[in-house]
Amino acid sequence: MQNTALKPTILVVDDEPANLRVLKHLLAEHYTLAFAKNGPEALRVAEAQLPDLILLDVMMPGMTGFEVCQALKENVITRAIPVIFVTALSEEQDETEGFAVGGVDYITKPISPAVVKARIKTHLSLVQADELKRTRLQVVQRLGRAAEYKDNETGMHVLRMSHYSKVLALAYGLNEEQADTLLHAAPMHDIGKIGIPDHIMLKPGKLTEEEFAVMKTHPEIGAEILGEADSDLLRIAKSVAMTHHEKWDGSGYPFGLQGEDIPVEGRIVAVADVFDALTSKRPYKEAWTVEKTLAVMKSEAGKHFEPYLITLLEENLEEILTIKERWRED
């Protein structure tokens, strides 16, 4: 017998009992069903049970399906629930209105059982994909927090440099989705420090040559922690962890990559990370002025940093300083 706890929940909303019976017969074997016969009842059930999907009639007395959908989308608790309209209305303007108020699909009556099942399966798959994406992001964010416990850096540093990275990525020509992925991946840049022994990681003085050699293994440790994944977020996070200490002239580590052989995400994070580190106070140093920081970083263009990224840093300095002020240290 199938465990109903594992079945997705669908809320079916229709003022005609015959229509409810048809959909119950069609869907009950594979889904947990909830029912409502009018708009206000649908809103109450949706908020109480948080179904995975709603099948919503349009032509109902009192409150139309379009009005119900609009109310669902205005409620922060229910706005993410996908709504499929099931209705006898078949004009193009009706479909347009359905999508305008937030519906994800539109099925006309009389229904085709195969079409209803296929549409439900498709949209539940999209819900699961979105949930997986959110979960991956949360895992990456928590790993980033874990790395902070092993470092002198602060959570505000990680937040600021991640947002700097997005600004530079957009200026460099990456699209919005790519820039957002880098925003969320950048906090992973030093995740490998989890694997560095405390007597080295927390040493207050200068590291010996041998200790620094151990410290320089943290990019490869970070890449090993993040592993192989089909997720763009984890793939970019791994690349950032591995390559943010590479230098444009090939003198960086761990691989001595040079120029455009360094992945663009590593080049961007290197600039964002160093800019924030230099302009921030740490237990071992005072904050540098923005002017001094820019002068030093410009002198390192073509050596440590890609020259074009230093130009972009200057051109977008106002936005970057706004970010710095928004998430300043307390």
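Heavy atoms only: backbone and side chains are in, while hydrogens, waters and symmetry mates are out.
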Can you find a heavy atom in the side chain of [X] that is under 4.5 Å from one in the side chain of [Y]?
{"X": "Leu50", "Y": "Thr9", "answer": "no"}
{"X": "Val86", "Y": "Arg119", "answer": "no"}
{"X": "Ile120", "Y": "Tyr31", "answer": "yes"}
{"X": "Val290", "Y": "Lys324", "answer": "no"}
{"X": "Leu33", "Y": "Lys24", "answer": "yes"}
{"X": "Pro307", "Y": "Trp248", "answer": "yes"}
{"X": "Leu20", "Y": "Lys37", "answer": "yes"}
{"X": "Trp327", "Y": "Met161", "answer": "no"}

Legend entry - Heavy atoms from other residues, nucleotides or ligands near NZ of Lys73 exceed 12 (cutoff 6.0 Å): yes
Inset, instruction - Give a yes or no on this: more than 12 heavy atoms of other residues, nucleotides or ligands lie within 6.0 Å of atom CD of Glu41. - result: yes
Supply the atom-to-atom distance [X] [atom1] to [Y] [atom2], rounded to the nearest 0.5 angstrom.
{"X": "Met188", "Y": "Leu234", "atom1": "CE", "atom2": "CG", "result": "9.0 Å"}
{"X": "Thr87", "Y": "Ile107", "atom1": "OG1", "atom2": "CD1", "result": "11.0 Å"}
{"X": "Leu321", "Y": "Arg160", "atom1": "CG", "atom2": "CZ", "result": "11.5 Å"}
{"X": "Thr322", "Y": "Leu317", "atom1": "OG1", "atom2": "CG", "result": "9.0 Å"}
{"X": "Glu315", "Y": "Leu312", "atom1": "CD", "atom2": "CG", "result": "5.5 Å"}
{"X": "Ile54", "Y": "Ile81", "atom1": "CD1", "atom2": "CD1", "result": "4.5 Å"}

Inset, instruction - Check the pair Asp14, Leu23 against side-chain contact (heavy atoms from CB on, under 4.5 Å), reporting the backbone distance first and the verdict last. - result: CA-CA 10 Å; Asp14 200 304; Leu23 288 168; 5.5 Å; no
Inset, instruction - Using the test side chain to side chain donor-acceptor pair (under 3.5 Å), find all partners of Asn38 that sit at least two apart in sequence or belong to another chain. - result: none
Within one Ile-Leu-Val-Met-Phe-Trp-Tyr cluster: [X] and [Y], side-chain cutoff 4.5 Å:
{"X": "Leu170", "Y": "Ile320", "answer": "no"}
{"X": "Met242", "Y": "Leu226", "answer": "no"}
{"X": "Phe305", "Y": "Val240", "answer": "yes"}
{"X": "Val101", "Y": "Met60", "answer": "yes"}
{"X": "Ile323", "Y": "Leu183", "answer": "no"}

Is [X] reaching over with its side chain to a backbone N or O of [Y], donor-acceptor style, under 3.5 angstrom?
{"X": "Glu220", "Y": "Thr217", "value": "no"}
{"X": "Gln178", "Y": "Asn175", "value": "yes"}
{"X": "Glu246", "Y": "Gly256", "value": "yes"}
{"X": "His218", "Y": "Met215", "value": "yes"}
{"X": "Ser162", "Y": "Ala186", "value": "no"}

How close do [X] and [Y] get, counting heavy atoms only, and between which atoms?
{"X": "Ala71", "Y": "Met63", "answer": "CB-CE, 4.2 Å"}
{"X": "Gly102", "Y": "Cys69", "answer": "C-SG, 3.9 Å"}
{"X": "Phe35", "Y": "Val45", "answer": "O-CG2, 4.3 Å"}
{"X": "Ile236", "Y": "Ala185", "answer": "CG2-CB, 3.8 Å"}
{"X": "His189", "Y": "Val269", "answer": "CB-CG1, 4.1 Å"}
{"X": "Ala46", "Y": "Pro51", "answer": "O-CD, 3.5 Å"}

Inset, instruction - Salt-bridge test for Glu16 and Arg21: reply yes if a basic N is under 4.0 Å from a carboxylate O, no otherwise. - result: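 A salt bridge is absent here (no side-chain N lies under 4.0 Å from a carboxylate O).
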Inset, instruction - Using a strict 4.0 Å threshold on nitrogen-to-oxygen distance, state whether Lys238 and Glu228 make a salt bridge. - result: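 Yes, charged N to carboxylate O under 4.0 Å.
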Legend entry - Whether Tyr106 and Phe99 hold their rings parallel, tilted or perpendicular, with breakpoints at 30° and 60°: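 Aromatic pair Tyr106/Phe99 classed tilted.
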Legend entry - Plane angle bin for Tyr172 and Tyr308 - parallel if under 30°, tilted between 30 and 60°, otherwise perpendicular: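 Rings of Tyr308 and Tyr172: tilted, as their planes differ by 30° to 60°.
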Legend entry - Option among Glu260, Arg267, Glu265 that satisfies the side-chain contact (heavy atoms from CB on, under 4.5 Å) test with Pro263: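 So the option named by the test is Glu265.
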Inset, instruction - Under the side-chain contact (heavy atoms from CB on, under 4.5 Å) rule, what do Ile262 and Glu306 come out as? Steps first, then yes or no, please. - result: CA-CA 10 Å; Ile262 306 168; Glu306 177 180 356; over 6 Å; no
Inset, instruction - Provide the full list of side chain to side chain donor-acceptor pair (under 3.5 Å) pairs with a residue in residues 43-53, sequence neighbours left out, each pair given once. - result: Glu47-Asn75
Legend entry - Working for side-chain hydrogen bond (donor to acceptor under 3.5 Å, both in side chains), residues Asp273 and His244: CA-CA 9 Å; Asp273 187 31; His244 72 285; 4.8 Å; no
Inset, instruction - Report the C-alpha separation of Leu27 and Leu55 in whole Å, then their side-chain angles, then the decisive distance to 0.1 Å, and conclude whether the side-chain contact (heavy atoms from CB on, under 4.5 Å) test is met. - result: CA-CA 11 Å; Leu27 303 173; Leu55 296 178; 3.7 Å; yes
Legend entry - Trace of the side-chain contact (heavy atoms from CB on, under 4.5 Å) decision for Val271 with Leu168: CA-CA 9 Å; Val271 171; Leu168 292 172; 3.9 Å; yes
